[in-house]
2 protein chains.
Amino acid sequence: MVTRQQLAQRPGRTRAERGSISAEQILAGAKALAQEIGLDALSMPRLAAHLGIGVTSIYWYFRNKDALIAALTVDAARSFHPLIVPAAEGTWQDSLFETFTRLREAMRADDLACDLLFMRGARAGEDALAYFWPGAEAGLARMVAAGFTPAEALQNITILSLYNRGCVVLERQMRRAGVAPDVPTPVPADYPLLSAALEHQNTRGVSDEAHAAQLRAIIEGMALRLDARKAAHP
Amino acid sequence: MVTRQQLAQRPGRTRAERGSISAEQILAGAKALAQEIGLDALSMPRLAAHLGIGVTSIYWYFRNKDALIAALTVDAARSFHPLIVPAAEGTWQDSLFETFTRLREAMRADDLACDLLFMRGARAGEDALAYFWPGAEAGLARMVAAGFTPAEALQNITILSLYNRGCVVLERQMRRAGVAPDVPTPVPADYPLLSAALEHQNTRGVSDEAHAAQLRAIIEGMALRLDARKAAHP
DNA sequence: ACCTGAACACCGTTCAAGT
DNA sequence: ACCTGAACACCGTTCAAGT
């Protein structure tokens, strides 16, 4: 047990010089510490100790803890924007598949970003949203070239985004709860269809194979709908 | 400002009689209080004051706050299980559409359940999962009768569940952040496709119309995939 | 067996003060 | 202008005690 007084009076802690602290440093320290101990465990005293400064010094750069979290959220959103750019080659189907596979993988590898962007976190803000536009526009262009209207193309992106968000949130919850993803769900024999279907699937997460298959199924459905519309109104 | 001492020493507060407190009462009080002030603001002292008992009395019935939250989560999961039952009549498409429309509406009307089941919350536990099985089995049966394999049918349900979860989480986040859902997203003119598509859509939530259209699009894609497979392997 | 307050180690934030 | 500790109202939890 380390009390707050002990933290502040740690040997080797001297008063920080004027100008020796910056908002960027605090933010970087908060990010590193949150990645280490988890967003829930991040506290102002812990952060101050991590940075070797007084607790209240943080308040000169961030109005309160919410403002600090908001800044972390914007940072997380920004770090994901390069992932939105669709591949230069291939069909619109492949492009969507790759983009959303990449996004899920990145999210799964970054619990902090997950928590900030999807779980408890604040919004990233309009400015962070702007980072996503170039990639989204390029993705839309692909689909419009294939025959979708802009509204249909955006609907496709929205569906895949929301599906992916659902995946990411479910997986994050399971990880947080410490549930092993590959343990099969036991189903009583009263439910023959469920039993049959769950033999090679489970409810505690989405395996890479299942995610890939589901993405492909959704995208194939979009392609078939486009074909059907083209056939109806040639 | 009401201090903890003042809470405990409120006039009219007498020592509760033996057997006058029950786990059910505490749970009901916690649920009501959390619905009123929000899950984040729920604290043991606040709950005790709400129930008119001493703070530490809660600990006789629940090992700690996590256990209390877990019980709330199971309760929330259980209250949703009647919503899973598919309608008795109509196509499998209509049945899926109605079920997931109903679920989203119920979730949007219940912030507490949202927070417990999807956001920060713990898992509901395997026993709560069992409540979903009868409805899921009935839904699977519909689709299998239409020609899907059990695995395909479960994939369909999974896709819609994850899509819906994504919707619900996004909407909860916007509500929490106090963002008005119908304010259109401003897009600079550099992105003509996005601008065109966002004229009748927005990024701050999913309108009822958009949700309905997206559900229908996903389900129609499933139907077309089934047709295509039947045509290929008659 | 059941209910309790005192006590403890935390937390976020304000404020008056140092440099 | 920037950095600080003391102080305050919280929080979750333990513990020894009441009934």
Side-chain angles (χ1 to χ4, degrees), chain A residues 1-27 29-30 33-34 37-72 120-122, chain B residues 1-27 29-30 33-34 37-72 120-122:
Chain A
M1 278 301 114
V2 186
T3 70
R4 189 157 172 178
Q5 288 231 342
Q6 285 171 315
L7 278 181
Q9 290 162 6
R10 267 209 167 117
R13 185 123 189 261
T14 53
R15 187 187 178 97
E17 279 174 50
R18 259 243 214 133
S20 65
I21 308 177
S22 71
E24 287 73 31
Q25 267 177 54
I26 294 176
L27 211 51
L33 187 57
I37 65 176
L39 184 59
D40 284 343
L42 183 69
S43 78
M44 302 303 256
R46 287 253 238 170
L47 176 55
H50 181 78
L51 293 165
I53 61 176
V55 202
T56 46
S57 305
I58 303 169
Y59 285 84
W60 207 86
Y61 294 92
F62 296 94
R63 201 168 6 87
N64 52 29
K65 196 184 178 184
D66 272 357
L68 182 65
I69 300 283
L72 281 174
R120 70 195 300 24
Chain B
M1 280 301 113
V2 187
T3 70
R4 190 161 173 173
Q5 289 231 340
Q6 286 172 315
L7 279 181
Q9 289 162 6
R10 269 213 165 110
R13 179 120 194 266
T14 54
R15 187 185 179 97
E17 279 175 48
R18 257 240 215 138
S20 65
I21 308 178
S22 72
E24 288 72 32
Q25 268 178 54
I26 294 176
L27 211 52
L33 187 57
I37 66 175
L39 184 60
D40 284 343
L42 182 70
S43 78
M44 303 302 257
R46 289 252 236 170
L47 175 55
H50 180 79
L51 293 165
I53 62 176
V55 203
T56 47
S57 305
I58 303 169
Y59 286 84
W60 205 87
Y61 294 92
F62 296 94
R63 201 168 6 86
N64 51 31
K65 195 184 178 186
D66 272 356
L68 182 66
I69 300 284
L72 282 173
R120 69 192 301 24

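Note: hydrogens, waters and symmetry copies are ignored here, and every other heavy atom, side chains too, is used. Each chain gets a letter, A, B and so on, in the order the sequences are listed, and its residues count up from 1.
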Open item on the list: Any residue in residues 63-72 of chain A with a heavy atom nearer than 4.0 angstrom to DNA chain C? Just list them by number, or reply none.
Closed with: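 The answer is Asn64(A), Lys65(A).
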[X]: side chain to side chain contact (heavy atoms under 4.5 Å, CB included) partners, not counting sequence neighbours:
| X | result |
| --- | --- |
| Ile26(A) | Ile21(A), Leu47(A), Leu51(A), Ile58(A), Tyr61(A), Phe62(A), Leu68(A) |
| Thr56(A) | none |
| Ala70(A) | none |

Task: Val55(A) to Ala48(A) - nearest heavy-atom pair and separation - done: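 Reported closest heavy-atom pair: CA-CB, 3.5 Å.
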TODO: Could you tell me which non-hydrogen atom of Leu42(A) sits nearest to which non-hydrogen atom of Ala30(A), and how far apart they are?
DONE: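 Looks like CD1-O, 4.1 Å.
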- [ ] Walk me through it: do Ile69(B) and Arg120(B) pass the test side chain to side chain contact (heavy atoms under 4.5 Å, CB included)?
- [x] CA-CA 11 Å; Ile69(B) 300 284; Arg120(B) 69 192 301 24; over 6 Å; no
In whole Å, I'd like the distance from the [atom1] atom of [X] to the [atom2] atom of [N].
| X | N | atom1 | atom2 | result |
| --- | --- | --- | --- | --- |
| Glu17(B) | dC3(C) | CD | C1' | 12 Å |
| Ile53(B) | dG5(C) | CD1 | C1' | 14 Å |
| Ile58(A) | dG12(C) | CD1 | P | 9 Å |
| Tyr59(A) | dC8(D) | OH | C1' | 13 Å |
| Leu47(A) | dT4(D) | CG | P | 13 Å |
| Leu51(A) | dC3(D) | CG | C1' | 13 Å |
| Trp60(B) | dC2(C) | CH2 | P | 4 Å |
| Tyr61(B) | dC2(C) | OH | C1' | 6 Å |

Open item on the list: Holding to salt bridge (charged side-chain N to carboxylate O under 4.0 Å, His left out), I want the full list of residues that pass it with Arg15(A), two or more places apart in sequence or in another chain.
Closed with: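 Arg15(A): no salt bridge (charged side-chain N to carboxylate O under 4.0 Å, His left out) contacts found.
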TODO: Give each stem of DNA chain C as a range with a range, requiring at least 3 consecutive Watson-Crick or G-U wobble pairs whose two distances are under 3.5 Å.
DONE: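 Stems for DNA chain C, defined as runs of 3 or more consecutive pairs: C:4-8 with D:12-16, C:12-16 with D:4-8.
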TODO: Test for a donor-acceptor pair under 3.5 Å between the base of dC3(D) and the side chain of Arg18(A), counting only N and O atoms.
DONE: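 Absent.
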Open item on the list: What's Ser43(B) touching, base or sugar-phosphate or nothing? Going by heavy atoms closer than 4.0 Å.
Closed with: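 Sugar-phosphate: the residue Ser43(B), judged by heavy atoms under 4.0 Å, touches backbone atoms but no base.
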TODO: Using a heavy-atom cut-off of under 4.0 Å over every strand shown, decide if Phe62(A) touches base, sugar-phosphate, or nothing.
DONE: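 Nothing: the residue Phe62(A), judged by heavy atoms under 4.0 Å, touches no strand.
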Looking only at the side chain of [X] (C-beta and beyond, no hydrogens), which of the listed nucleotides [options] gets closest?
| X | options | result |
| --- | --- | --- |
| Val55(B) | dT13(D), dC3(C), dC11(C) | dT13(D) |
| Ile21(B) | dT4(C), dT14(D), dA1(D) | dT4(C) |
| Thr56(A) | dA6(D), dT19(D), dC11(C) | dA6(D) |
| Pro45(B) | dG12(C), dT19(C), dC11(D) | dC11(D) |
| Ala16(B) | dC3(C), dA1(D), dT13(D) | dC3(C) |

TODO: Calculate, to the nearest 0.5 Å, the distance between atoms CD1 and CZ belonging to Ile37(A) and Arg46(A) respectively.
DONE: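 Separation between the atoms: 4.0 Å.
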